[in-house]
Every structure is written in structure tokens, then in C-alpha cells.
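Every heavy atom of this structure was used, including side-chain atoms; hydrogens, water molecules and symmetry mates were not. When a residue number appears, it is its place in the shown sequence, counting from 1.
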Amino acid sequence: MASMTTPRLPFLPARTRSAVTTSSSSSSSSPSPRRSIKCSSSTNANSAPLPSTSRRPPAPVADGVGSADLNGLRAPSVPVADSPLPAYRDPHGLPRPLTSADLMESSGEGLKVAYQGFPGAYSEAAAKKAYPNCQTVPCEHFDTAFQAVQNWIVDRAVLPLENTLGGSIHRNYDLLLRHELHIVGEVRLAVRHCLLANRGVKIENLRNVISHPQALAQCEHTLTELGIEHRQAVDDTAGAAKLVAEQMLQDTGAVASSLAAELYELDILAENIQDEKVNVTRFMMLAREPIIPRVDKPFKTSIVFSLEEGPGQLFKALAVFALREINLTKIESRPHKKRPFRVADDTFSTRVKYFDYLFYVDLEASMADPKTQNALRNLEEFATFSRVLGSYPTDVSEA
């Protein structure tokens, strides 16, 4: 039977979609064709691709607040106030078609969820916290997990975004812009590092320790106090435990989880060795389709945008949210890879090259709220590029 394409529900009313959801010119409006990627689970190799969904073409932008030309470059001198804007409603009053996201249970029953690393990684624990009954699928790299979702091999991916000790995971911010996926949730996980070694090995026998660079940085002072000066970075904490066990290393330990110690039959020589006892990582949950935002529970909205060169441009961009009392929970700048430099004339009439940046911002607001829609329409007036990465429930559970 031929597949039936279904229009995807936009975040914004039709007259505001064109610039907010604009992605880079190389992005495709349908899922990429299936490609062979390296993913550690063989159980997904025979997964059949599902029918693709089509997007309705962008509607023209109306005049008034938030109006923009086709390139989104018209810029007012200051942010403007809201004009009345109703929340999204189907113009014909018809019910919204079901998507695959609607059919997924919150417990994750039947879901395949990708994460980066080997079994026993903290990312696997985060995936299990986000979707308790899911089937976890380990992937070698972050990019592999993104591709696994995009190519219909798995249903979701759970990947780290930031840590209270190590800061942001910049690689995943860059991959968010490269791939056509949506953030559909977040989950926080308390990370409790352990020092692992083979049976019979004592701390005084260790000359070296291996782990993920973030884990090593989070335990730097404790490892020094334990007398272990040499550290070696590997791709994954659980992978470090696996390497120590498989090679039966006697002078090398691993920094990993207690679950990794159980899986790879290693002894736990010390627990909670992170330098600060409060060590929490925030993970994002990724899907091919966005979820429908709501206003009856706490929501976050993640966006990315770029700006023209000029005094006060970033101030004006942030003012569109302050004007509407929308709280910002995070702002992250990353180099604009497709436009790494901008040329400007300084006061001495000398052409100078400056780095150009993309700004990733998390808003404490839902896209279902008209004031959020108005803020983004206002931002479009002077942003050279903008995109909504997702509007999703805030994780209010204990880490």
C-alpha cells in the first residue's frame, strides 16, 4: 500500500514560520536516504525505514510586527512591542493528524534509544532515566547517534549537552545545527565517578588512569591526592573500563561508573572521586519530529541565531526576550563554520577580520505561548539566521 504523506505541524502560525524555522541552505526537507553507519548494536541493522513526512511550504510573512523580507535582513532600530497573536489553531478546525511521536509511550516501551559510548556509560543511564523501558543502542561517536535517528535506525537519541563541572559539550551543539533533528526533552543525571581496577590491584599499584577527558578533568585533584599523576584520555568512561578489563592491566585504572565495574567485573577502589560532590550532566532527547508544545507545565525552548556586525546587536537580540519577561537559562556562542570571519572597518579605516558567531539560547518558555512567538518574530527583524531547535518539557525531577 502506498505511504501517505502528512504535513508536519509547525511551531508557529503559518505567517511566522518562514524565518524562525529556516535552517541552512544545505538542509533537506525530508529524511536523508538510509546510509550504512557504524553503530555498536547489530539488532538494528534490519530496521526498515518508515514513510517520510512532508512539510507544508512556508507561507509568506505578513506585514506588521516581525515582518521581514525573504532574507530576513530588515532591521528596526530597537525591539518592538507585541501585537496580538493567537496561539496556533487549524484554520479549518480539523483535528491534527497523528505522528509517530504521538504513538510513543512516555515510559519508552518499544523505543530504540541511541547513546554514545559502550554499555555502562553514563549516557546509557541517562537514556534509561528518560525512557525506563527502552532498548538502548550504543554508538561509537556522537555523530553516529545523530545519524542513527535521522536514518530511522533508532527512534530517539539521548546525548549530553553540559555538565556542572566540565561545562558545555561543544561537539553536540555543532551537530544540532548540522542535523535536522528536534530536541523533545531533557534529563539531568547525577554523575558519581568511581576508580576501577582489575581484581587484586590496589591503589598504590596504579601508575596511570584512563577515562573520558571530561571525567578526568572532573576528578583531577582527587587523582593527584591519590598519587596517580599520569592520565590518558579515551572516547568513553565505560570504554576505559572495558579496555582495562580486556587487557588485564595491572598498573592502570579507569574512571567510570559503578555499573561499568559490575559489567566488566572490576573492583571499585574508590567511590565519588569527582572533585565536587554535586556533579550533574544535562542530556537532551532528540527525535525526528517535534512534540506539540503546551502551556500547562514548565517548558523550555532552544533556539540558535546569528547577527549582523554592529554595536548593540546582541543587546537588541536579548532585549526581545527581556521586553516580554522571558527568562534565559543558558546562552552559548559557537564559531559560525559556514561564515568563520566577517570583515569590518575600524575607526582607523583598516579592514579587520572578526570571528563570526552563532548564539545558542535556552528560553524558559513554551512555543505555545504567544509572547514567545512574538519575541521570535521580533528577533527575525535583525537576525541573519534563526532556527528553533525544540520546545520541550523542563526536567523537574531529582538528578
Side-chain angles (χ1 to χ4, degrees), residues 37-44 107-108 111-150 153-176 179 181-194 196 210-219 233-243 254-264 266 274 279-287 302 390 392 395 397-399:
I37 64 174
K38 188 170 183 181
C39 195
S40 301
S41 172
S42 61
T43 60
N44 299 314
S107 66
L111 279 180
K112 292 181 179 178
V113 180
Y115 67 92
Q116 186 272 331
F118 286 89
Y122 293 107
S123 292
E124 183 183 28
K128 285 289 189 181
K129 182 179 179 182
Y131 303 106
N133 299 318
C134 72
Q135 175 188 342
T136 54
V137 180
C139 296
E140 186 176 18
H141 303 295
F142 290 134
D143 195 24
T144 310
F146 273 86
Q147 290 183 44
V149 180
Q150 191 166 308
I153 295 173
V154 298
D155 304 296
R156 299 282 190 276
V158 174
L159 299 170
L161 269 183
E162 60 179 336
N163 176 266
T164 52
L165 300 184
S168 298
I169 291 83
H170 295 137
R171 176 62 177 163
N172 283 335
Y173 277 97
D174 295 338
L175 289 172
L176 274 171
H179 294 271
L181 298 179
H182 303 271
I183 304 177
V184 296
E186 66 173 3
V187 59
R188 294 177 300 152
L189 182 75
V191 176
R192 299 179 177 89
H193 292 304
C194 300
L196 312 182
I210 61 176
S211 191
H212 187 276
Q214 286 264 1
L216 293 175
Q218 292 166 14
C219 304
V234 295
D235 290 339
D236 175 44
T237 56
K242 184 174 183 290
L243 180 65
V255 174
S257 66
S258 58
L259 176 59
E262 180 182 341
L263 289 176
Y264 302 109
L266 298 175
Q274 60 273 5
N279 183 21
V280 177
T281 299
R282 184 169 73 96
F283 293 79
M284 60 179 171
M285 297 137 70
L286 294 172
S302 295
Y392 49 92
D395 183 14
S397 65
E398 291 294 327

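In this structure Lys128 satisfies the salt bridge (charged side-chain N to carboxylate O under 4.0 Å, His left out) test with no other residue, sequence neighbours excluded. Applying the side-chain contact (heavy atoms from CB on, under 4.5 Å) test to Arg188 and every residue at least two apart in sequence or in another chain returns Val280, Arg282, Asp395, Ala399. Applying the ring pair (Phe, Tyr, Trp, His ring centres under 6.0 Å) criterion to Tyr173, with sequence neighbours excluded, gives Tyr360. Residues satisfying the ring pair (Phe, Tyr, Trp, His ring centres under 6.0 Å) test with His212, not counting sequence neighbours, are none. By the side chain to side chain donor-acceptor pair (under 3.5 Å) test, Thr281 pairs with Asn163, sequence neighbours left out. Applying the ring pair (Phe, Tyr, Trp, His ring centres under 6.0 Å) test to Tyr392 and every residue at least two apart in sequence or in another chain returns nothing. Evaluation of the side chain to side chain donor-acceptor pair (under 3.5 Å) rule for Ser258 yields no partner, not counting sequence neighbours. Scanning for side-chain contact (heavy atoms from CB on, under 4.5 Å) contacts around Ser211 gives Ala215, Leu216, Thr237, Val255, with sequence neighbours left out. With sequence neighbours left out, the ring pair (Phe, Tyr, Trp, His ring centres under 6.0 Å) criterion links Phe283 to no other residue. Not counting sequence neighbours, Gln116 has no partner by the side chain to side chain donor-acceptor pair (under 3.5 Å) test. Residues passing the side-chain contact (heavy atoms from CB on, under 4.5 Å) test with Ala240 are Ile210, Val234, Ala254, sequence neighbours excluded.
Nearest heavy-atom pair across Lys112 and Ile153 is CD-O, 4.0 Å. Contact detail for Ala238 and Gly120: the closest heavy-atom pair is CB-C, 3.7 Å. The two residues Pro138 and Tyr115 make their nearest non-hydrogen contact at CB-OH, 3.3 Å. In terms of heavy atoms, Tyr122 sits closest to Arg192 at OH-O, 3.2 Å. Annotation for Ala121 and Asp236: closest pair CB-OD1, 3.6 Å, computed over non-hydrogen atoms. A pairwise comparison of heavy atoms in Ala127 and Val113 identifies CB-CG1, 3.9 Å as the closest pair.
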Item to check | Verdict with supporting geometry, Arg156 and Val154, side-chain contact (heavy atoms from CB on, under 4.5 Å) | outcome: CA-CA 6 Å; Arg156 299 282 190 276; Val154 298; over 6 Å; no
Checklist entry - Between His141 and Asp235, is a side-chain hydrogen bond (donor to acceptor under 3.5 Å, both in side chains) present by the stated rule, with each step listed? => result CA-CA 8 Å; His141 303 295; Asp235 290 339; 4.6 Å; no
Item to check | Test log, rule side-chain contact (heavy atoms from CB on, under 4.5 Å), inputs Val191 and Thr164 | outcome: CA-CA 10 Å; Val191 176; Thr164 52; over 6 Å; no
Checklist entry - Going through the distances and angles, do Val149 and His179 end up as a side-chain contact (heavy atoms from CB on, under 4.5 Å)? => result CA-CA 10 Å; Val149 180; His179 294 271; over 6 Å; no
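The shortest side-chain heavy-atom distance between Cys139 and Phe146 does not fall under the 4.5 Å cut-off. Side-chain contact between Leu175 and Leu181 is absent, with no heavy-atom pair separated by less than 4.5 Å. Contact of the Tyr131 side chain with the Asp155 side chain is not registered, since no non-hydrogen atoms from C-beta on lie closer than 4.5 Å. In this structure, Asn172 and Met284 have side chains that are in contact, with non-hydrogen atoms separated by less than 4.5 Å. In this structure the side chain of Val184 never reaches within 4.5 angstrom of the side chain of Leu286, judged on heavy atoms. Thr136 is not listed as a side-chain neighbour of Val158, based on a closest heavy-atom distance of 4.5 Å or more. With a 4.5 Å cut-off on side-chain heavy atoms, Leu161 and Glu186 do not count as touching.
To the nearest 0.5 Å, atom CG of residue Leu189 and atom NZ of residue Lys129 are 6.0 Å apart. Expressed to the nearest 0.5 Å, how far CZ of Phe118 lies from CG of Leu243 amounts to 9.0 Å. Rounding to the nearest 0.5 Å places CD1 of Ile183 at 11.0 Å from CE of Met285.
Between the Gln274 side chain and the His193 main chain, a donor and an acceptor come within less than 3.5 Å of each other.
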